[in-house]
Amino acid sequence: MNRPRPVDSAFVPSTTTGDKNMANRAETVISEIVKAVREVLKRHDVTFEEYRAGVGFLMQYAKAPEYEIPLVCDLWFNATITDNEMNHRKGSVTNVEGPYFLESIPTITDRIKTRGDGGEELIIEGKVVDLAGKPVEGAELYIWHSDHEGEYSGFNPEISPDFYRGKKIIDSTGAFSIRTVVPVPYMIPHQGPSGKMLELMGRHPWRPAHVHFKVRAPGFLEHTTQAYFAGEKWVDSDCVEAVRPALVHKLQERGGVKVLKKDFVLDPA
Ligand code: MBD
Ligand code: FE
């Protein structure tokens with residue numbers, strides 16, 4: 001079982017910084033969130049009993065594992081935040097990081113280590129370029145994905161983080177070609193309150209099969225994204241609602257092996 005990474009509570013912005021802009025932004029965003037919620041409560045004539053039930057439901061988060069609060073926030077809002085990134089970028093489309101990124105992973109040349117005990121072979125190939133189409137030599141391309149059973153290495157304690165993850169250093173051609181295995185649909189942890197919330201709503205806890213990427217290069221904005229596979233299960237009903245058309249790739253086939261073509265166009269910092 002995957003145990004997602006909790007967010008460090010030190011990320012909570014301080015109200016004691018004396019930053020006036022920050023205070024104004026907090027007033028703007030929080031007061032408008034409250035206003036939007038009030039409008040929904042009015043429109044649906046929500047009763048005191050329902051309100052108390054809702055508060056009681058939220059109290060379950062106090063007893064839940066640490067990752068449950070970041071999980072429910074990501075479930076409803078992370079994809080919106082990443083959409084906002086594209087207001088300030090001209091490169092390829094970014095997407096949510098998810099809770100399973102790891103900093104320290106093996107550097108690879110042309111193959112991501114898999115346990116070799118299952119999973120269909122997959123080649124991921126493409127290029128890393130700037131807005132002018134010029135290769136970004138030295139860019140670090142992080143790739144991570146679930147195994148063939150939907151488990152993330154390093155979070156499922158039985159799978160070493162050396163597997164299903166790799167960092168490729170991009171050469172002067174900008175091109176890369178990496179062998180791994182095809183990930184499968186992924187079920188977010190559903191035993192806790194976030195899963196319970198989906199269940200109450202009559203929704204499922206599945207994400208479509210996906211591959212995660214992060215590209216870092218000096219002078220460029222960090223580029224975090226995912227790839228989804230056209231026609232696959234849950235692509236049209238991702239529980240975290242993060243799938244975007246530009247990220248749904250039609251798998252090609254070469255010599256009986258599936259090929260995912262994925263190019264990264266980086267924005268300048
Ligand atoms: C995942 O694997 C993921 O990619 C996201 C965005 C949320 C939960 C689990
Ligand atoms: Fe994921």
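Indexing begins at 1, ligand by ligand and atom by atom, following the structure's order. All values below come from the heavy atoms of this structure, side chains included, with hydrogens, waters and symmetry mates left out.
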Item to check | Within-shell test, His210 vs ligand 1, heavy atom, strictly < 4.0 Å | outcome: yes

Checklist entry - Where does His212 meet ligand 1, judged by heavy-atom distances below 4.0 Å: at the side chain, the backbone, both, or neither? => result side chain

Next on the checklist: Can you report which non-hydrogen protein atom sits closest to atom 2 (O) of ligand 1, along with the distance?
Outcome noted: Tyr152 OH, 3.1 Å

Checklist entry - Can you tell me if Val96 has a non-hydrogen atom under 4.0 Å from ligand 1? => result yes

Item to check | the Fe ion (ligand 2) to nearest N/O/S of His210 below 2.8 Å | outcome: yes

Checklist entry - Do you see a donor-acceptor pair shorter than 3.5 Å between the side chains of Arg111 and Thr180? => result no

Next on the checklist: Suppose we measure from atom 9 (C) of ligand 1 to each protein heavy atom; which comes out shortest, and what is that distance?
Outcome noted: Tyr186 CE2, 3.2 Å

Checklist outcome for this item: Counting from 1 in the order shown, the ligand 1 atoms closer than 4.0 Å to a non-hydrogen atom of Ile188 are 8 (C)

Checklist entry - Side chains of Ser194 and Glu68: donor-acceptor distance under 3.5 Å anywhere? => result yes

Next on the checklist: Could you check whether Arg207 and Tyr228, counting side-chain N and O atoms only, form a donor-acceptor pair closer than 3.5 Å?
Outcome noted: yes

Item to check | His223 side chain to Thr94 side chain, donor-acceptor N/O pair below 3.5 angstrom | outcome: no

Checklist entry - With under 30° as parallel and over 60° as perpendicular, where do the rings of His210 and His212 fit, or are they tilted in between? => result perpendicular

Item to check | Check: Lys167/Thr107 side-chain N/O donor and acceptor closer than 3.5 Å | outcome: no

Item to check | For Gln226, the ligand 1 atoms whose distance to one of its heavy atoms is below 4.0 Å | outcome: 4 (O), 6 (C)

Checklist entry - How are the rings of Tyr152 and Tyr186 set to each other: parallel, tilted or perpendicular (split at 30° and 60°)? => result perpendicular

Item to check | Side chain, backbone, both or neither: Pro99 near ligand 1, heavy atoms under 4.0 Å | outcome: side chain

Checklist entry - Does any N/O atom on Arg207 come nearer than 3.5 Å to any N/O atom on ligand 1? => result yes

Checklist entry - Is a donor on one side and an acceptor on the other found under 3.5 Å between the side chain of Tyr164 and the backbone of Arg115? => result yes

Checklist entry - Can you tell me if Tyr186 has an N, O or S atom under 2.8 Å away from the Fe ion (ligand 2)? => result no

